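Bear in mind that the values here come from a model prediction, so they are computed numbers and not experimental data. Chain naming here is simple, since letters A, B, ... match the order of the sequence lines and numbering starts at 1 in each.
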Amino acid sequence: GGLDAALFAAWAEEIAAAVRADRDRLTALDSAIGDADHGANLDRGFTAVAEALAGGRPDTPGALLSLVGNTLIRKVGGASGPLYGMAFREAGKALGDAPAVSLADLDEALAAGLAGIRKLGSATEGDKTMVDALAPALRALTQAVQEGQDPAEAVGAAAEAALAGAQATIPMQARKGRASYLGPRSVGHEDPGAASTALIVRALHAAVSR
Amino acid sequence: GGLDAALFAAWAEEIAAAVRADRDRLTALDSAIGDADHGANLDRGFTAVAEALAGGRPDTPGALLSLVGNTLIRKVGGASGPLYGMAFREAGKALGDAPAVSLADLDEALAAGLAGIRKLGSATEGDKTMVDALAPALRALTQAVQEGQDPAEAVGAAAEAALAGAQATIPMQARKGRASYLGPRSVGHEDPGAASTALIVRALHAAVSR
Amino acid sequence: MKKLINSADSVVTDALRGLAAAHPDLRVDVKNQFVARASGPRRGKVGLVSGGGSGHEPLHAGFVGYGMLDAACPGEIFTSPVPDQVIAASSAVDGGAGVLHVVKNYTGDVLNFGMAAELCADEGVEVATVVVDDDVAVRDSLYTAGRRGTGATVFVEKIAGAAAEAGAPLAEVRRVAEEVNSRSRSFGVALSACTTPAAGVPTFELGDDEVELGIGIHGEPGRTRSAMRGARELVRVAMDALHEDMPLDGDVLVMVNGMGGTPLIELYVAFAEVAAYLEEKGATLSRNLVGDYITSLDMQGFSVTACLLTPELTRLWDAPVQTPALRWGR
Amino acid sequence: MKKLINSADSVVTDALRGLAAAHPDLRVDVKNQFVARASGPRRGKVGLVSGGGSGHEPLHAGFVGYGMLDAACPGEIFTSPVPDQVIAASSAVDGGAGVLHVVKNYTGDVLNFGMAAELCADEGVEVATVVVDDDVAVRDSLYTAGRRGTGATVFVEKIAGAAAEAGAPLAEVRRVAEEVNSRSRSFGVALSACTTPAAGVPTFELGDDEVELGIGIHGEPGRTRSAMRGARELVRVAMDALHEDMPLDGDVLVMVNGMGGTPLIELYVAFAEVAAYLEEKGATLSRNLVGDYITSLDMQGFSVTACLLTPELTRLWDAPVQTPALRWGR
Ligand SMILES: Nc1ncnc2c1ncn2[C@@H]1O[C@H](COP(=O)(O)OP(=O)(O)O)[C@@H](O)[C@H]1O
Ligand SMILES: Nc1ncnc2c1ncn2[C@@H]1O[C@H](COP(=O)(O)OP(=O)(O)O)[C@@H](O)[C@H]1O
Ligand SMILES: [Mg+2]
Ligand SMILES: [Mg+2]
Ligand SMILES: [Mg+2]
Ligand SMILES: [Mg+2]
């Protein structure tokens, strides 16, 4: 396969830029059903990731994603820090030390990441969390891989599914995380973590389309 | 003379009603250059006065004004409590124990009241205090008495002078009381104590005109 | 939004510098972002470590000192600390008898402290954890992240701190902490939202005639929005919620806590109503706190926390404590 | 306006009921509206009585107790107490050695305490008075009512209280009180106005980019309105005002005081800047208080008070104190 460390570094940088640009939107979403810090949290985390990468880029996709995950765990805090951190770490672990990986490898790695989130946060689809964006994104990606689509096409489909998944959290009542405290009042708002997941998958699309 | 205890009791009741009606205006004036309590202070004081009178009216004008003064001192607090309290007390003292007093007696008694305020607060005219309404009111009253006007006319002239005096505090810079802390920023606002003095003299006019 | 800060990004570290300047009894590690007793760990004493997002001051750093916490890990505003902070603090205060983590039940706190505990174990620091979940506004069910941890945290930190100071072993300190938590309930009411420095606008908008009932401590909206009422009625809503969940009886420790922007005179007005309520129920107002102990930045409102005391808990509550925000007996 | 009260008229008495329920060490006389130590006067000890409008909590009732005040007389919101209250309190605490009135320099306080002092003398209670006037924002001249009394009141009450507790005679307690006042200066900054229950609307309107400099504690506008700035710059304005009036040098006791609605984390941010300023001037930050001690209801903002210590004043500051709002050493 042809996805190398440079591609994954580009992904991380795309995320950092996207989070910075959408920081206030994410915080506003978190204001409605949370504690108004999601944008600041991810901005702090991915700024640290970008700095770490500027200081020296790991050679392999696996090491790179592990670095992203560990940096998020060390810098973000909150619920999203450990969850995203664990996801990138597990994805990195799944990629092993290959210098470049295939789209199918990436699909498997992201599935390992999702499993990490699920294990740590024990959320299932419909709980109004980041899982509601990541799970459909992965289904779309897996299917596209099976259909033999090229990376840009396949990840594009995943990004669309993530966005749709995030939108679909609007009518849900939260059952996990801070928004669950609101009970029925959590209905009618997009989940901030699902929204940021959609950003993250869109950033991957941007990276593979470069 | 013909001003008896009933007349002075009517005055106190007129003040209580006027203060109640203008409570918010007085507080708003005090908000601008003070601490937003003048209306509440006087309302509390004159409500207590009205209650005290309802419980038993003193027989003489002198005793009645002393009761008003002592009640204000016991109930109002702040700067205006001792100042108005002392004024009524000194006025009451000046009236002695006559069962009824003349307009000239009243004029002298109010002069004693003003002297009490001046002694306690050491304000002079132009300092932007209640003195700026009471002093011109007394000048008008004294002159009207000398001209032999009847009580309603004479006190009417005093009430007009008090109102004009209160208005004249607007361009002044405060040199006494809380408003003095504002320095030049006290300019452009009517002094709340001068405004309440105008109310009090107007209430006297209402009482003598009944 | 106007805040007495230099910048939204530096508020936590700037405040830590202020804390260090104000309290020579504290060792403030600005780099690793934790606050510990300057005296260092005491050999054989269980260490107590807590932490959570900033914006709840004096919680937690204000409770570091003799008879209470050994260290606190302040995260960013309303954001749980990261595992590194907790690991650094736990290692710094371990006197060989292990460390108790006092964690408020929020997903972020539980996850970050949980990761830290695993890594502490790897480093040879024995860690036990108590998760505080006293907020009756949230039903503990499959459909929520469980009850939130709020006011009882102060009670747990004080009472478990006294047990640790007295030399109790880790299992015993944890038992006491869990007992305090299980005997405590809280309920919060907001008269206004708060504004985080990062967001710059209030977390929600409340009308002049509205209140939020059942709020947490992170500026989230509460369980329900309701009509504004007098202090007596608002206190009754809160006390009824506590009493329904845990009948108030016997000796009670009560905290009437301000959310950060509530004048103290109003907290005393509320406390008078709390005392009247307890009397009505036949419970004894045995110990109390009235003031700002666990806040939400500039929010106006209050919370009530009640703990059903036992003779042991009362004794531990009364034991000397010397921290910036709670002090008696020395 | 939303306030945690039952009614604007009952807020002071309601809060007094709460104070009584919370602090069994205090005797709260709701009828005569004063708060005294439950233990009563000590034979031969000078009594310390203070008072002023309510809305400044914990001042003054929060400072009644061992080592500080013997009694406090709370007036209505922002309104000086009436002479009757002061007379009743002074009589109640007189142990035969006389009573010191601690009065903040406001026309109303000075007049009402003055009347009370005269009447106390008639009743055989010896009264001395110290008038606190530490606010450098107001120039003391023929053209003002003189400097206002603000933050130094806390220092005077603590330090004179310690002298009285140690058995100093009335003249000596007054001398110490006057020394504290003459060595102390304050300056206040408002980020927002406050709202009194009676008025129901903020006492002034401030834009989002404005602050009031040189405020008192009654929600009055300050000396000047100015552009909003960061904590460092605002603290510098306040510290420069103190330093210009009284060069900061040697051992300094500093209070960074919140006006009632300021989050504690912001006060620590400000305190860091105060500490840096003192270091820059070569003065020694010897003792400090950070928190809400003399407030203006829900106002956001802060004041800084500095006192140039002497060894005697430091010793008296360090002496044990046990009140609802200030406690150490017992
Ligand atoms: N148990 C969980 N499983 C999966 N995702 C979760 C869980 N709890 C919270 N989240 C996600 O985390 C997001 C909130 O992140 P953030 O605001 O950074 O943390 P916090 O809630 O601690 O302030 C939520 O919008 C949600 O998507
Ligand atoms: N020294 C003084 N002499 C005369 N009148 C004064 C003096 N000081 C204050 N006043 C009057 O008192 C009024 C304020 O009364 P009030 O608001 O009830 O008391 P406070 O200023 O204590 O809140 C001022 O408007 C002014 O007219
Ligand atoms: Mg959040
Ligand atoms: Mg006033
Ligand atoms: Mg958070
Ligand atoms: Mg007043």
Side-chain angles (χ1 to χ4, degrees), chain A residues 23-45 47-48 70-86 89 117 119-124 126-129 173-186 189 193, chain C residues 8-9 33 51-53 55 73 75-86 106-116 119 135 137-139 141-148 193-204 212 214-225 296:
Chain A
R23 176 186 157 125
D24 291 348
R25 182 176 67 89
L26 294 176
T27 291
L29 291 177
D30 198 26
S31 220
I33 56 170
D35 59 350
D37 62 355
H38 192 57
N41 286 349
L42 292 192
D43 189 19
R44 187 171 58 253
T47 300
N70 287 326
T71 305
L72 294 180
I73 288 172
R74 279 195 304 102
K75 292 292 177 184
V76 175
S80 59
L83 290 167
Y84 277 134
M86 187 61 86
R89 220 153 78 165
I117 291 177
K119 182 158 171 248
L120 206 57
S122 53
T124 56
D127 284 355
K128 195 177 182 113
T129 69
Q173 173 167 339
R175 286 191 295 241
K176 282 283 177 275
R178 200 177 283 293
S180 71
Y181 304 141
L182 285 174
R185 293 179 79 188
S186 63
H189 302 274
Chain C
D9 291 338
Q33 225 160 302
C73 306
E76 291 299 314
I77 299 283
F78 290 171
T79 303
S80 337
V82 297
D84 284 4
Q85 290 172 262
V86 180
Y106 292 98
T107 305
D109 293 76
V110 170
L111 295 182
N112 286 283
F113 271 92
M115 284 188 164
L119 292 162
D135 183 356
V138 176
R139 255 164 257 311
S141 78
L142 273 177
Y143 306 110
T144 65
R147 281 183 158 163
R148 291 177 290 215
C194 62
T195 302
T196 65
V201 291
T203 47
F204 51 84
E212 285 280 336
I215 53 151
I217 56 169
H218 296 91
E220 319 95 320
R223 292 289 292 187
T224 46
R225 183 163 294 196
S296 296

Closest heavy-atom pair and its distance - [X], [Y]:
X	Y	value
C:Y106	A:R178	CD2-NH1, 3.6 Å
C:A199	A:A36	CB-CB, 4.2 Å
C:R148	A:Y181	CG-CZ, 3.2 Å
C:P221	A:S31	CD-O, 4.4 Å
C:V82	A:K75	CG1-C, 3.8 Å
C:G222	A:R185	O-NH1, 2.8 Å

Checking [X] against chain C: side chain, backbone, both or neither under 4.5 Å from a heavy atom?
X	value
A:D24	neither
A:A123	neither
A:A40	side chain
A:A174	backbone

Relative to chain A, which segment of [X] carries a heavy atom at a distance below 4.5 Å: side chain, backbone, both, or neither?
X	answer
C:I77	backbone
C:E212	side chain
C:T196	side chain
C:S296	neither
C:N112	both

| query | For the candidates A:D30, A:D37, A:T27, which exhibits the highest count of non-hydrogen atom pairs separated by less than 4.5 Å from chain C? | reply | A:D37
| When C:Q85, C:E76, C:H218, C:R147 are compared by non-hydrogen pairs under 4.5 Å with chain A, the top option | C:H218
| query | About how many Å separate CZ of C:R223 and CG of A:L182, when rounded to the nearest 0.5 Å? | reply | 8.0 Å
| said: Quick check: do C:T79 and A:R44 have side-chain heavy atoms less than 4.5 Å from each other? | reply: yes
